[in-house]
Amino acid sequence: MTRPARARIDLQALAHNFSVARSAARDSRIMAVVKADAYGHGLVAVARALGRADAFAVASLEEAIQLREAGIKQDVVLLEGVFDPDELEVAIKHQLQLVVHNMEQVSWLEKFRSGASVCLWLKVDTGMHRLGFSPADAPAVWQRLQRLPYVKNNGLRWMSHLACADEFDNPANGRQLARFTEVIEHTQTPQGTAAEASLANSAALLTRPDMRLDWVRPGIMLYGASPMMPAHEADAGLRAVMTLESRLIAVHQRRKGEAIGYGQIWECPEDMPVGIVAIGYGDGYPRHAPSGTPVLVNGKTAPLVGRVSMDMICVDLRNQPAAQTGDSVVLWGEGNPAETVARYAETISYELFCGVTSRIPRCYYEN
Ligand SMILES: Cc1ncc(COP(=O)(O)O)c(C=O)c1O
């Protein structure tokens, strides 16, 4: 038997979550965010399964080229643009769309010559204070980009990103929208039409109809995890795409007072069965997950006990004394939401998904 740890990726759940996005944002086009190997789910497999997406968003030229080499024909947007002027030629050859967020990129573009038309997304910093031009500077940059001979036909667009969209009631969301609206209202394409704009990530797509605009950019919701903190009724229909699973590789009867694993940080409160699962931080299971983090054994909760090792964890089997070597274990996914595990481990589902290491095979199926 090979090591039983694997990530099952349910492509039907992915398609379902995409439909949730589509029904919520009927009047917008969807730019599916597939950066970071589609949040650990597998870039090419996910993009192929999202054939109805209008565009894909990635963080690097390498990710974009992987999509093109796999035959993905939709628009592909580099969310941070190019990192170097030499990347421009390659990006244009692959018909990539570029975010423009700083003056260096503007001057690279002004020196660049292209026979092909190019689509640019001008990034405005409306309050995230990470990337983009201030609302005061953005209109002048827009004018400069509009003069580029290769930016044609609706090829200049607006983008901004929300800092607190996961908090439904946070007033910063409304302030960002107001700043964005003010900037984009005053610009037009050379054809005299309103320029296209994009603001909403998953959280805003689901909960803020006023923020959907022309393009929405869902990431985490496509993978089935709630983008909201706390969860919101709008995310109730999402289905987990990744189920990280493994098996029990040993079951031991332990005596009251015996300590489990590295550092002996957890002691058996009574005589009890303890299961050993083939999964650990070498696979991306978070090392700082504390005792009590829910794990499913044969579909029932068997809390983690003791420290997470590189290749193994230990679980409390008092709920299921009949459990034996070979029984199935779900670390997160179906029946054990990644958000719950993330809360125990003091992180977010995004980090859990992205952290699944390359030694975990991704097994694709349609449920
Ligand atoms: C610029 C940008 N847009 C959209 C997204 C998607 O966000 P979410 O996964 O919360 O939907 C991200 C993710 O980090 C992002 O950086």
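Order of appearance sets the numbers: ligands from 1, and atoms from 1 within every ligand.
At a heavy-atom distance under 4.0 Å, no atom of P227 approaches ligand 1. Residue contacts with ligand 1, taken as heavy atom pairs separated by less than 4.0 Å, do not involve E80 at all.
A donor-acceptor distance shorter than 3.5 angstrom exists from the side chain of D125 to the backbone of M128, with no hydrogens or angles considered.
Counting protein heavy atoms only, atom 16 (O) of ligand 1 is closest to K35 NZ, 3.0 Å. From the protein, the heavy atom lying nearest to atom 3 (N) of ligand 1 is R217 NE, 2.9 Å. Here the protein heavy atom with the shortest distance to atom 15 (C) of ligand 1 is H161 CE1, 3.4 Å. For atom 11 (O) of ligand 1, the closest non-hydrogen atom on the protein side is S202 OG, 2.5 Å. Protein heavy atom at the shortest distance from atom 7 (O) of ligand 1 is N201 CB, 3.5 Å.
Note that the CD atom of E89 and the NE2 atom of H94 stand 11.0 Å from one another [nearest 0.5 Å]. The CE atom of M229 sits 13.0 Å away from the CG atom of N170 when rounded to the nearest 0.5 Å.
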Next on the checklist: For a side chain to side chain contact (heavy atoms under 4.5 Å, CB included) check, start with the C-alpha distance between S114 and F112, then their side-chain angles and the critical distance, and finish with the verdict.
Outcome noted: CA-CA 7 Å; S114 171; F112 184 67; 3.5 Å; yes
Item to check | salt bridge (Lys or Arg N to Asp or Glu O under 4.0 Å) assessment of K35 paired with E63 | outcome: CA-CA 7 Å; K35 61 184 177 162; E63 291 175 332; over 6 Å; no
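Against a heavy-atom cut-off of under 4.0 Å, R130 is close to the following atoms of ligand 1: 16 (O). Atoms of ligand 1 lying under 4.0 Å from at least one heavy atom of V33, given by number and element, are 4 (C), 5 (C), 6 (C). Close contacts of ligand 1 with Y39, meaning ligand atoms under 4.0 Å from a residue heavy atom, involve 6 (C), 7 (O), 8 (P), 9 (O), 13 (C).
The environment of E110 atom CD is dense: over 12 non-hydrogen atoms of other residues, nucleotides or ligands sit within 6.0 angstrom. Within a 6.0 Å sphere centred on CD of Q95, other residues, nucleotides and ligands contribute 12 heavy atoms or fewer.
Among L131, L79, I220, the residue whose heavy atom lies nearest to atom 8 (P) of ligand 1 is I220.
Some N or O of Y350 is nearer than 3.5 Å to an N or O of ligand 1, by distance alone.
Aromatic ring orientation, W158 versus F180: perpendicular (interplanar angle above 60°, classes split at 30° and 60°).
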